[in-house]
Amino acid sequence: MDGAEISEIYAVRELLECEALRLSIPALLDGNLDEAEQVLDQIDAERNVGRWGALNRTFHLSLYAACGNQRLLGLIEAHHNAADRYVRILLSNLDHRARSQAEHRDLLAAGATARRPGAFCGSTCAKEAIRSSMR
């Protein structure tokens with residue numbers, strides 16, 4: 001896979017994941033957020049690089065599970081799988097791993113914030129968090 005293909009995958013993921021998060025936010029439960037946080041803790045503790053891709057996918061899908069659109073979730077999972085090897089290589093760099101985890105925690109916080117009464121639908125902060133977590 002070359003750089004152009006990886007860029008395409010991430011561009012498509014950004015579109016798909018922003019839509020999934022927009023659909024999920026009204027239905028997100030504390031349990032979804034708790035699960036996502038537990039996965040982030042597992043990523044922090046995991047030393048096996050081979051597990052990071054699967055844990056990363058689990059984190060993202062736990063935030064989008066409430067979207068109610070199985071086809072959309074399937075597309076997101078397919079794009080995660082397509083980039084899995086690249087993600088593991090990138091995350092094996094400790095600087096990127098720390099940055100990635102910080103961005104994941106920002107995404108989790110944005111999802112929690114967007115659930116609050118009065119937060120506007122589609123949360124710009126949540127979408128921005130998705131965009132930054134894919135850079």
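Just so you know, these numbers use all the heavy atoms, side chains as well, and skip hydrogens, waters and symmetry mates.
The line from CG of Asn32 to CG of Leu29 is 5.0 Å long, rounded to the nearest 0.5 Å. Note that CG of Leu63 is 11.5 Å distant from OG1 of Thr58, once rounded to the nearest 0.5 Å. Distance check, rounded to the nearest 0.5 Å: CG of Asn56 to NE2 of His80 gives 6.0 Å. For the atom pair CG of Leu21 and CD of Glu17, the computed distance is 9.0 Å after rounding to the nearest 0.5 Å. The structure places CZ of Phe59 at 12.5 Å from CD of Gln38, a figure rounded to the nearest 0.5 Å. Distance check, rounded to the nearest 0.5 Å: CZ of Arg13 to SG of Cys18 gives 11.0 Å.
Listed by chain and residue number, Ile9 satisfy the side-chain contact (heavy atoms from CB on, under 4.5 Å) test with Ala82 (two or more places apart in sequence, or in another chain). Partners of Glu5 under the side-chain contact (heavy atoms from CB on, under 4.5 Å) rule, at least two apart in sequence or in another chain, are Met1, Asp2.
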Name the atoms and distances for all side-chain donor-acceptor pairs under 3.5 Å in residues 66-79, with sequence neighbours left out.
from: Asn69; atom 1: OD1; to: Arg71; atom 2: N; distance (Å): 3.2
from: Asn69; atom 1: OD1; to: Leu72; atom 2: N; distance (Å): 2.9
from: His79; atom 1: ND1; to: Leu75; atom 2: O; distance (Å): 2.9

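Among all heavy-atom pairs drawn from Leu108 and Ala36, the shortest one is CD1-CB, 3.7 Å.
The aromatic rings of His60 and His104 lie perpendicular to each other, with more than 60° between the two planes, well past the 30° mark.
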